[in-house]
Amino acid sequence: MDLQLQGKRALVTGSTAGIGLAIAIHLAAEGAAVVVNGRTQQRVDAALAAVKRDTKNANVTGVAADLSSAAGTRELLRQLPDIDILVNNMGVFEPKAFVDITDEDWLRMFETNVMSGVRLSRHYLPKILARDWGRIIFISSESAVQIPAEMIHYGMTKTAQVAVARGIAETTAGTGVTVNSVLVGPTRSEGVEQFLAALAVEEEMTPAEVEKRFFGTMRPSSLLKRFIR
C-alpha cells in the first residue's frame with residue numbers, strides 16, 4: 001500500500017518501544033522522514049537502530065526530550081521546528097486505587113498524556129495549515145470511553161485526548177489538514193509486559209494466568225480476550 005508519504009516529515013512521540021516504535025517503523029517503510037523521540041539518548045539510539053534494522057534505507061533521526069514538561073517540549077521544538085505529520089503517542093499509565101491517587105498523580109498524568117500533545121499541536125498546527133496539508137493524530141485508548149476502575153486518572157487523560165483532537169479538528173474544516181484520535185485496545189507493550197511480570201510475582205501466578213484473569217475481570221467486554229501484539 002502506498003500512503004503517499006514519500007518525503008513527508010513525521011514526528012512520533014514516545015516511539016522508543018511499543019506502539020510508538022511500530023508506528024515509526026511503518027511510517028519509515030512508507031518513505032516518510034521519521035523522527036523518533038524518547039526521554040533518554042540511549043533509548044532513542046536503540047529505537048533508531050530498530051527502525052533501520054527493520055526498514056532498508058530508512059530516513060530516520062531522533063530527538064531525546066522529556067515531553068512531560070514544558071521545558072522538554074521546548075527543547076524538542078528547538079531541534080524540530082516544523083513537520084508534516086505529528087503522532088502524539090507518548091503517554092504513561094499507572095494502576096492505582098482511586099482513593100490512593102494524589103493530586104500530584106492526577107497532575108503528572110495530565111501533564112504527560114494530555115499537555116504534551118496540546119503543546120506540540122499548538123506549535124505545529126499553524127505551519128501545516130499554511131501548507132494546507134498535514135496530519136495530527138492522538139493515540140488515545142478504549143479507556144477513553146470505558147474508564148478503567150484501576151486507573152481512573154489514566155482514563156481521564158485518554159478522554160481528554162479525544163476531546164482535544166475533536167476540538168482541533170473543528171478548526172481545520174475545509175482544509176487539507178486532518179486531526180484524529182485512535183482508541184487503541186489493551187496492547188502488549190513494554191510497560192504492559194513489566195506490569196504483568198510484577199503482578200505475576202505478587203500474585204504467585206504465571207504471566208499467562210495473570211493475562212487470562214485480567215480479561216476475565218478487568219476487561220470482560222474484550223472480544224479478543226488477549227493483548228494486541
Side-chain angles (χ1 to χ4, degrees), residues 1 3 5 10-27 30 32 34 36-37 67-68 83 85-96 98 101 105-106 108-122 124-125 128 134-173 177-196 211 214-229:
M1 180 183 296
L3 299 180
L5 300 181
L11 166 63
V12 186
T13 67
S15 49
T16 58
I19 293 172
L21 179 57
I23 292 171
I25 289 172
H26 282 282
L27 286 174
E30 286 292 328
V34 178
V36 299
N37 156 255
L67 304 183
S68 66
I83 55 172
I85 300 166
L86 169 62
V87 182
N88 290 308
N89 171 75
M90 194 271 282
V92 295
F93 69 94
E94 175 192 41
K96 203 168 192 178
F98 172 69
I101 305 173
D105 292 332
W106 282 99
R108 173 177 54 83
M109 191 71 66
F110 191 82
E111 187 85 4
T112 303
N113 293 0
V114 182
M115 289 308 299
S116 58
V118 167
R119 291 177 178 125
L120 292 173
S121 300
R122 185 173 57 206
Y124 291 125
L125 181 63
I128 62 179
R135 303 287 182 262
I136 297 177
I137 301 170
F138 287 79
I139 304 300
S140 180
S141 165
E142 65 165 9
S143 294
V145 293
Q146 185 176 329
I147 308 297
E150 75 277 8
M151 44 184 181
I152 295 172
H153 55 336
Y154 170 79
M156 174 275 299
T157 65
K158 296 288 119 175
T159 306
Q161 284 183 318
V162 174
V164 170
R166 177 64 191 188
I168 298 173
E170 294 286 350
T171 73
T172 67
V177 176
T178 63
V179 186
N180 288 282
S181 52
V182 179
L183 277 63
V184 182
T187 304
R188 189 177 288 279
S189 64
E190 182 180 62
V192 168
E193 288 280 9
Q194 294 170 352
F195 166 69
L196 291 175
E211 180 173 346
F214 176 86
F215 284 97
T217 61
M218 294 181 175
R219 298 294 185 276
S221 63
S222 170
L223 300 180
L224 282 179
K225 301 298 181 185
R226 65 167 175 80
F227 287 100
I228 301 168
R229 298 181 184 89

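As the structure is a prediction and not an experimental result, all values here were calculated from the model. Just so it is clear, the values below take in all heavy atoms, side chains as well, and ignore hydrogens, waters and symmetry mates.
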* side-chain contact (heavy atoms from CB on, under 4.5 Å) partners of His153, counting only residues at least two apart ->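 With neighbours one apart ignored, the set is Glu94, Lys96, Ile101, Asp105, Trp106, Met109, Met151.
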Residue pair [X] / [Y], side-chain heavy-atom distance below 4.5 Å:
| X | Y | answer |
| --- | --- | --- |
| Thr159 | Val145 | no |
| Ile128 | Ile136 | yes |
| Tyr154 | Pro95 | no |
| Phe110 | Met156 | yes |
| Asn88 | Ser121 | yes |
| Val87 | Phe138 | no |
| Leu21 | Val12 | no |
| Glu170 | Arg166 | yes |

* If you look at every heavy atom in Pro148 and Gly155, which pair is closest and at what distance? ->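 Looks like CD-CA, 4.0 Å.
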* Asked: Ala24 and Val36: which non-hydrogen atoms are nearest, and at how many Å?
  ->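 For Ala24 versus Val36, the nearest heavy atoms are CB-CG1, 3.8 Å.
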* Verify side chain to side chain contact (heavy atoms under 4.5 Å, CB included) between Thr13 and Leu120, making sure each step is shown before the conclusion. => CA-CA 10 Å; Thr13 67; Leu120 292 173; 3.5 Å; yes
Output the distance between atom [atom1] ([X]) and atom [atom2] ([Y]), rounded to the nearest 0.5 Å.
| X | Y | atom1 | atom2 | result |
| --- | --- | --- | --- | --- |
| Ser15 | Ile25 | OG | CD1 | 10.0 Å |
| Leu27 | Leu3 | CG | CG | 8.5 Å |
| Ser141 | Leu183 | OG | CG | 6.5 Å |

* For Val177 and Thr171, what are the C-alpha separation, side-chain angles and deciding distance, and is it a side chain to side chain contact (heavy atoms under 4.5 Å, CB included)? -> CA-CA 10 Å; Val177 176; Thr171 73; over 6 Å; no
* Asked: Mind checking what makes salt bridge (Lys or Arg N to Asp or Glu O under 4.0 Å) contact with Glu142, not counting sequence neighbours?
  ->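 Once residues adjacent in sequence are excluded, the partners of Glu142 under the salt bridge (Lys or Arg N to Asp or Glu O under 4.0 Å) criterion are Arg219.
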* **salt bridge (Lys or Arg N to Asp or Glu O under 4.0 Å) involving Arg135 - partner list, sequence neighbours excluded** =>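 None.
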Can any side-chain N or O of [X] pair as donor or acceptor with the backbone N or O of [Y] at less than 3.5 Å?
| X | Y | answer |
| --- | --- | --- |
| Ser181 | Ala165 | no |
| Asn113 | Met90 | no |
| Asn37 | Gly14 | yes |
| Lys158 | Ile147 | no |

* Asked: Checking side chain to side chain contact (heavy atoms under 4.5 Å, CB included) for the pair Ile137/Ile23: CA distance, chi angles, key distance, verdict?
  -> CA-CA 11 Å; Ile137 301 170; Ile23 292 171; over 6 Å; no
* To do: Verify side chain to side chain contact (heavy atoms under 4.5 Å, CB included) between Ile85 and Val34, making sure each step is shown before the conclusion.
  => CA-CA 9 Å; Ile85 300 166; Val34 178; over 6 Å; no
